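Below: the structure, in structure tokens.
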Amino acid sequence: MLALNFIREHPDLVRQGAERKGEPAPVDEILELDGQHRALLAEEESARSEMNSRAARGAGLSPGEREELGRLKGRIQELQQRRKQLSDRLSGLLLLVPNVPHESVPEGVSDDDNVVVRTWGEPPQFDFEPRTHYDLGEALGIFDFERAVKIAGSRFAMLRGVGARLERALSWFMLDLATKEHGYLEISPPYLVSRDCMVGTANLPKFEEDAFHVVEGDRFLVPTAEVPLTNLYRDEILDAERLPIRHVAWTPCWRSEAGAPGKDTRGYIRLHQFSKVELVKFVRPEGSLEELESLVGDAESVLQRLGLHYRVRLMCVGDMGFAQWKKYDIDAWAPGLQRYLEVSSCSVFGDFQARRANVRFRAPGGRPEFVHTLNGSGLALPRTFDCLLESYQTAAGGIVVPEPLRPYMEGLEEIPGPGE
RNA sequence: GGGGAGGUGGCUGAGUGGUCGAAAGCGCCCGCCUGCUAAGCGGGUGACGGGGGUCAACCUCGUCCGAGGGUUCGAAUCCCUCCCUUCCCGCCA
């Protein structure tokens with residue numbers, strides 16, 4: 001969330017930011033409530049001050065004085081009650097104000113306005129008509145969509161045999177890259193989190209319908225490892241020397257993805273459950289934008305090693321989301337589908353999440369300050385898997401295993417086609 | 001699930017109704033000393049919020065001792081509810 005202070009001092013900036021993001025922001029109501037709240041606070045505090053100084057005489061108070069103090073106390077309680085109502089409403093409203101985009105974020109309202117900042121590699125060329133991952137995979141018997149639906153319902157998918165193995169190999173490869181080469185510490189977090197954690201990352205209160213809620217214990221299935229990881233140090237004050245902190249986690253992710261399936265969701269694309277390797281960083285405020293660039297680089301290196309063509313897009317202000325300060329998407333090319341699939345989304349939040357989750361740091365001799373948080377997929381497994389199948393398919397319908405994955409596949413160089 | 005113990009400042013840990021925002025130690029900051037470093041010595045050092053202000057480092061007020069209620073003129077200290085930690089027993093992958 002934004003600091004109330006900041007909203008007081010820059011209401012126009014906040015209003016404009018929200019408007020450009022296409023989000024409502026109750027700025028006027030906040031300012032109004034804040035004014036009332038402060039007036040009541042002043043009144044309550046001076047009453048308390050009087051009470052404290054008079055009660056300090058302690059046992060020597062006469063019965064008349066005690067009665068008077070009793071009345072004063074009654075007044076304080078009344079003021080306090082009114083003030084608390086205001087302050088509860090105020091903190092509820094503050095959670096609804098979106099983050100203000102960074103000035104380097106391009107204007108725009110939709111996906112069309114996002115800016116391609118670079119591409120890497122070339123789309124692979126085939127001397128045959130490239131197939132889609134679902135055609136390839138079903139022929140190879142490595143997808144089983146029907147039975148997944150049978151046991152869990154629509155929007156669930158299942159991998160079998162060498163397919164399951166290949167996705168696992170991808171996960172291990174990504175984790176090893178992050179931990180061994182990019183300095184991330186691996187975490188295996190809980191897959192259920194408290195309501196507070198969801199508020200901390202700004203998945204709540206605005207986007208509750210996107211998440212799976214577990215009634216027992218009022219917990220949520222993690223929509224991404226961002227949630228447990230970003231909340232790892234909630235309510236803590238970290239020593240400055242510990243920063244930057246980099247964490248990586250493989251987890252399943254659950255999303256309700258309300259809405260009807262369409263042609264864009266055919267295949268192993270848009271599921272209620274999928275797995276993802278997530279990168280999360282906690283950094284000092286200065287330089288957090290550069291940290292975003294290096295985070296994107298970390299995610300890109302996965303695709304580079306795998307030899308998959310991709311593009312990096314800077315999200316425009318209207319397409320970047322409620323909590324983000326600045327955000328890039330990485331889309332890998334799927335030759336069978338003939339389109340890019342979003343395999344990563346990398347964002348910097350400024351102190352927006354850190355305020356919600358109360359994650360601070362302290363330099364020696366200094367006061368506590370909020371950290372800046374970042375996260376990015378490194379990468380989402382199903383879509384990376386799809387692009388890999390489609391990019392490395394052979395004329396016979398087999399799949400060449402990219403070099404870096406072979407150590408995780410017992411040296412297997414190719415999944416032979418159905419007829420081979 | 002049953003029973004016991006406990007949750008205090010960045011950390012460890014005293015404190016059972018007013019003089020406690022809270023002893024002590026660690027850490028951190030400033031200085032001294034030691035020809036470097038370590039050790040030693042002296043001083044300082046909580047968070048959050050309101051108001052003031054010759055406006056970052058100053059003054060002032062308030063709140064905060066797991067969270068929320070209650071008792072009382074007055075609560076870290078007493079009562080209730082919840083959360084969490086830990087130990088013993090039971091159950092279980």
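Please read all numbers here as calculations on a predicted model, not as lab measurements. Quick note on labels: first sequence line is chain A, next is B, and so on, each numbered from 1.
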Listed pairs under 3.5 Å, donor-acceptor, residues 84-95 of chain A side chains, sequence neighbours left out:
| residue | atom | partner | partner atom | Å |
| --- | --- | --- | --- | --- |
| A/Ser91 | OG | A/Ser87 | O | 2.7 |
| A/Ser91 | OG | A/Asp88 | O | 3.3 |

Considering only distance and modelled atom types, tabulate donor-acceptor pairs under 3.5 Å from the side chains of residues 397-406 of chain A, sequence neighbours left out.
| residue | atom | partner | partner atom | Å |
| --- | --- | --- | --- | --- |
| A/Glu403 | OE1 | A/Arg406 | NH1 | 3.4 |
| A/Arg406 | NE | A/Val401 | O | 2.8 |
| A/Arg406 | NH2 | A/Val401 | O | 2.9 |

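Contact annotation: A/Arg360 side-chain N/O to B/rC48 OP1/OP2 distance is under 4.0 Å. Phosphate proximity of B/rA47 to A/Arg362: present, with a side-chain N or O under 4.0 Å from OP1 or OP2. Between B/rG49 and A/Arg38, no contact under 4.0 Å exists linking OP1 or OP2 to a side-chain N or O. Contact annotation: A/Ser49 side-chain N/O to B/rG62 OP1/OP2 distance is under 4.0 Å.
Across all strands shown, nothing is found opposite B/rG21 as a Watson-Crick or G-U wobble partner with both distances under 3.5 Å. Using the Watson-Crick or G-U wobble rule with both distances under 3.5 Å, B/rC28 pairs with B/rG44.
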Pairs under 3.5 angstrom, nitrogen or oxygen only, protein versus nucleotides 63-71 of chain B, please.
| residue | atom | partner | partner atom | Å |
| --- | --- | --- | --- | --- |
| B/rG69 | OP1 | A/Lys84 | NZ | 3.2 |

Contacts under 3.5 Å, N or O only, protein and nucleotides 26-31 of chain B:
| residue | atom | partner | partner atom | Å |
| --- | --- | --- | --- | --- |
| B/rC28 | O2' | A/Gly365 | N | 3.0 |

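Residue A/Arg195 is out of contact with every strand shown, counting any heavy-atom pair closer than 4.0 Å.
Rounded to whole Å, atom C1' of B/rA47 lies 11 Å from atom CZ of A/Phe370.
In terms of the side-chain hydrogen bond (donor to acceptor under 3.5 Å, both in side chains) criterion, residue partners of A/Tyr233 (sequence neighbours excluded) are, by chain and number, A/His247. Listed by chain and residue number, A/Ile330, A/Ser344, A/Cys346, A/Leu379 satisfy the side-chain contact (heavy atoms from CB on, under 4.5 Å) test with A/Ala299 (two or more places apart in sequence, or in another chain).
Minimum atom distance to the side chain of A/Leu69 is reached by B/rC73, of the listed B/rC73, B/rG49, B/rC48.
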